[in-house]
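I have placed the structure first, in the form of structure tokens, so that the comments after it can refer back to it.
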Amino acid sequence: MSDIAFLLIVFFMLTAVFTSTQGLRFKYPEDDPTNTNIQPEEAVHIRINGEGQFVVDKVGMSMEELGGYIKSKMEQNADKPVIVQTMPQVPYFAMIDVFDLLKQLDVQNVSIPTKTEIERWKQFGVF
Amino acid sequence: MIPTASMSDIAFLLIIFFMLTTSFSPERTSVELPESIVRTEVTDQASIIAIKEDGTIMFTSGEEPAYELTGPNELAQVTEDIVRLVESKEFVIKADRNVPYQMVDSVLDALRSNGARNIGLLTRPEPKTSAAVQ
């Protein structure tokens with residue numbers, strides 16, 4: 001009987017370990033039509049072209065340069081919005097790396113627009 | 001001689017402990033998650049959207065076992081139904097680290113255009129420290 005008992009212990013130990021419940025979260029702001037305090041031209045715009053290939057405000061950068069650039073921008077204005085645009089064929093982890101970097105630098109205002117939102121923004125001439 | 005009676009007492013005590021602490025997650029799709037340093041806890045009752053490396057999308061609202069979706073359009077529909085019931089429902093995206101970003105983008109699009117406000121991206125801990133931030 002204690003054989004069975006130990007078998008069960010091993011089973012529960014293994015299943016308990018392999019569940020990951022942590023990650024990065026982003027909360028979207030509530031819809032507020034009266035809020036017009038948005039200045040898109042002041043946002044930092046990061047475009048991810050590939051792993052470690054970024055175009056930040058029209059300047060090509062590496063991961064280290066991006067970190068330094070964002071850091072200096074945050075020192076000037078901690079509320080500065082950062083827009084992350086990822087090209088369709090880029091692997092998902094490249095975007096997570098950038099998102100993680102922004103979270104580490106304590107950037108409060110990260111925006112990750114989807115393709116329909118980018119289309120909509122284009123109509124308003126943001127991009 | 002090993003004292004079997006007291007040993008099986010301890011064994012059953014351990015079984016009960018592990019049974020109580022194990023929470024069976026309804027989403028058990030195996031994917032290779034991307035790594036991140038910053039990680040926050042995701043709520044238990046979240047809906048989980050898993051994107052496998054081959055592009056299949058698995059979905060669970062957090063109660064029933066995960067099932068396969070036909071594509072982002074079906075996801076848009078279920079999201080709408082869920083958000084209508086619980087407005088602050090959390091959605092967790094559990095995507096393979098190597099999927100092209102357009103897959104994640106279409107999932108995000110389906111979630112956000114249907115009122116999902118609370119979205120998380122599941123990651124695993126980074127094995128090495130980042131060079132960009134000290």
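Sequence lines set the chain letters: A, B, ... in the order given, protein chains first and strands last, and positions in each chain run from 1.
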Practice prompt. Please confirm whether the backbone N or O of B:Lys89 pairs with a side-chain atom of B:Asn118, one donor and one acceptor, at under 3.5 Å?
Written response: no
Worksheet item: Is it the side chain or the backbone of A:Ile96 that comes within 4.5 Å of chain B heavy atoms, both, or neither?
Response: side chain
Item to complete: Counting only heavy atoms closer than 4.5 Å, note whether A:Asp97 contacts chain B via side chain, backbone, both or neither.
Response: side chain
Worksheet entry | Enclosure of B:Gln77 CD (heavy-atom neighbours >12, cutoff 6.0 Å) | no
Practice prompt. Could you verify whether a donor N or O on one side chain and an acceptor N or O on the other, from B:Asp109 and A:Thr114, lie under 3.5 Å apart?
Written response: yes
Fill in: Any side-chain donor near an acceptor of the partner, A:Asn49 and A:Arg47, under 3.5 Å
yes
Worksheet item: Is it the side chain or the backbone of B:Asp96 that comes within 4.5 Å of chain A heavy atoms, both, or neither?
Response: backbone
Worksheet entry | Heavy-atom contact with chain A under 4.5 Å, split by part of B:Ser113 | neither
Item to complete: For a side-chain contact (heavy atoms from CB on, under 4.5 Å) with A:Ile46, tell me which candidate from A:Leu102, A:Ile83, A:Val55 qualifies.
Response: A:Leu102
Practice prompt. Could you tell me which of B:Leu14, B:Val99, B:Ile93 has the largest number of non-hydrogen atom pairs under 4.5 Å with chain A?
Written response: B:Val99
